[in-house]
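Reviewing the structure listed below.
The structure displayed is predicted, hence computed values, not measured ones. Chain identifiers are assigned alphabetically (A, B, ...) following the order of the sequence lines, protein sequences preceding nucleic acid strands; residue numbering begins at 1 within each chain. Keep in mind that the numbers below use all heavy atoms, side chains included, and drop hydrogens, waters and symmetry copies.
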There are 2 protein chains.
Amino acid sequence: MSDHQQRRIPSTPGISGDALPPVEQHAKQYETVRNAHETELIEDYVELIGDLIRHRGEARAADISNRMAVSQATVSKMIRRLNELGLVTSKPYRSLFLTEEGQKMAETSRARHDVVLHFLRALGVDDSTARIDAEGMEHHVSDETLAIMQRFTEQHQQ
Amino acid sequence: MSDHQQRRIPSTPGISGDALPPVEQHAKQYETVRNAHETELIEDYVELIGDLIRHRGEARAADISNRMAVSQATVSKMIRRLNELGLVTSKPYRSLFLTEEGQKMAETSRARHDVVLHFLRALGVDDSTARIDAEGMEHHVSDETLAIMQRFTEQHQQ
DNA sequence: GATAATTGTTAGCTAAGGCTAAACTGTTTG
DNA sequence: CAAACAGTTTAGCCTTAGCTAACAATTATC
């Protein structure tokens, strides 16, 4: 449904700032963000597991809990979920492995993450800030914007 | 705590990609993102209420529910929360008002939002994509990065 | 190899942010 | 002005992602 009809109070167009987008578009923006939030955490876990395997040879729940600053119980629960989603395989008390699908997700996430991180650095953002911002931004950057960021980075290194 | 000691499996440094950040820094990145998520939705509601008041003269729950594509019940519940947080004032069945604190938050959010949106456009991102990305990115951009984005935008509009 | 330390799991709690259905209030209109 | 309609609220449900505490398994150490 669209906006309610104005009652009594007249609108004051052009007073300042951009106009409100049409309702449907506006709604789509918020929906996109909500959807991103649902997958975000999953992707973060999978990406981290991939990174741990790549850099340290294995991924253990304790490492995840330390690096994410989250309790081991939370990690344990999340691993069960990742299992159900078919992203990791795990045996109790053993280290984790990514399924093929998990590996794909980890790689995609890492690639996005890197593009955003390198872009921010190329823009002139300080490294530690860039890392923090990239971690948050990564899931909200469309493919289109990502491509533009990549091109920009290529044209602006050293 | 730091990472667990390696057991049996040796690490394979330098195989590909960036190194893992030190544990404390890594943890801080994730914590920052988690904190952002807590305030994000609140800010979105407050920002939207501000925009509605500015552009249409008043903010009604139905408008919010249409524009956010969320049920009226959800909006009603959230308004109660915003009330408790001292960000809006409302009387049952009447339209909403921002408290002084709410107004401040709305303005700050809108300003951040605009900077990110205009930056994306200046980068060359298509308008509707820029809007979607800005909505998601806005809460994850540090002040430092925001300042750089603003400077970039100023230097790159015709 | 027994015990201590570390790591992992389970149970049970909380809060947030969605939802539907039903009840209620306010506005508009025949 | 009464009925119909639009808007709002409440009740009650679900899922997710945290937490702590208690327990179980593995690994390390003496």
- request: For B:Val75, report the nucleic acid contact type (base, sugar-phosphate, nothing); a contact means any heavy atom under 4.0 Å.
  value: nothing
Rounded (10°) bend between the five-pair end axes of the helix from C:dG1-D:dC30 to C:dG30-D:dC1: 0°
- line: The nucleotide from D:dA11, D:dG18, D:dA24 with an atom nearest the side chain of A:Tyr93 is D:dA24
From C:dG18, C:dA16, D:dG18, nucleotide with atom closest to B:Arg81 side chain: C:dA16
Distance test, side-chain N/O of B:Arg60 to OP1/OP2 of C:dG26, below 4.0 Å: no
message: Given D:dG18, C:dG18, C:dT9, identify the nucleotide with an atom nearest to the side chain of A:Val70.
response: D:dG18
- request: Take atom CD of A:Glu31 and atom P of C:dG18, then tell me their distance rounded to the nearest Å.
  value: 11 Å
Test item: side-chain donor near acceptor, B:Ser128 and B:Asp126, under 3.5 Å: yes
message: Side chains of B:Glu138 and A:His140: any donor to acceptor distance under 3.5 Å?
response: no
query: Do the side-chain N and O atoms of B:Gln150 and B:His118 include a donor-acceptor pair separated by under 3.5 angstrom?
result: no
- request: Indicate, with a heavy-atom threshold strictly under 4.0 Å, whether A:Ile79 touches base, sugar-phosphate, or nothing.
  value: nothing
Value in whole Å for how far the P atom of D:dT16 lies from CZ of B:Arg34: 18 Å
- request: Grab the CE-P distance between A:Met68 and C:dG8 for me, whole Å please.
  value: 15 Å
- request: Could you work out which one of C:dG18, C:dT9, D:dT26 sits closest to the side chain of B:Lys77?
  value: C:dG18
- prompt: Rounded to whole angstroms, how far apart are CD1 on A:Ile42 and C1' on D:dG18?
  reply: 14 Å
- request: Please report, rounded to the nearest Å, how far the P atom of C:dG17 is from the CG atom of A:Asn35.
  value: 16 Å
query: Among the nucleotides C:dT7, C:dC19, D:dT9, which one has an atom lying closest to any side-chain atom of B:Thr74?
result: C:dC19
message: Within the 4.0 Å heavy-atom criterion, would you say A:Ala61 contacts the bases, only the backbone, or no part of the nucleic acid?
response: sugar-phosphate
- prompt: Taking atom P of D:dG7 as reference, at what distance in whole Å does atom CD of B:Glu58 sit?
  reply: 11 Å
- prompt: Are B:Arg94 and C:dT27 close enough that a side-chain N or O sits under 4.0 Å from OP1 or OP2?
  reply: yes
First encountered from the 5' end of DNA chain D, between B:Lys91 and A:Gln72: B:Lys91
- request: Using heavy atoms to find the nearest nucleotide of DNA chain D for A:Glu38 and B:Arg80 separately, return the residue whose nucleotide is more 5′.
  value: B:Arg80
message: Please tell me whether A:Thr89 and A:Asn83 have a donor and an acceptor in their side chains that are separated by less than 3.5 angstrom.
response: no
- request: Find the distance B:Asp63:CG to D:dA6:C1' and express it as a whole number of Å.
  value: 12 Å
task: Taking only the side-chain heavy atoms of A:Ala62 (C-beta and beyond), determine which of C:dT7, C:dT9, D:dA17 contains the nearest atom.
output: C:dT7
B:Arg121 side-chain N/O to B:Arg131 backbone N/O, donor-acceptor pair under 3.5 Å: no
- prompt: Atom CE of A:Met78 and atom C1' of D:dT16: how far apart are they, to the nearest Å?
  reply: 8 Å
query: Between B:Arg56 and A:Leu20, is there a donor-acceptor pair closer than 3.5 Å when you use the side chain of the first and the backbone of the second?
result: no
message: If the threshold is 4.0 Å, N to carboxylate O, is there a salt bridge linking B:Asp63 and B:Arg67?
response: no
query: Within the pair A:Ser71 and D:dG18, is there a side-chain N or O less than 4.0 Å away from OP1 or OP2?
result: no
- prompt: Picking from D:dA11, C:dT10, C:dG18, which would you name as closest to the side chain of B:Ala73?
  reply: D:dA11
- prompt: Does a side-chain N-to-carboxylate-O contact under 4.0 Å join B:Asp44 and B:Arg112?
  reply: no
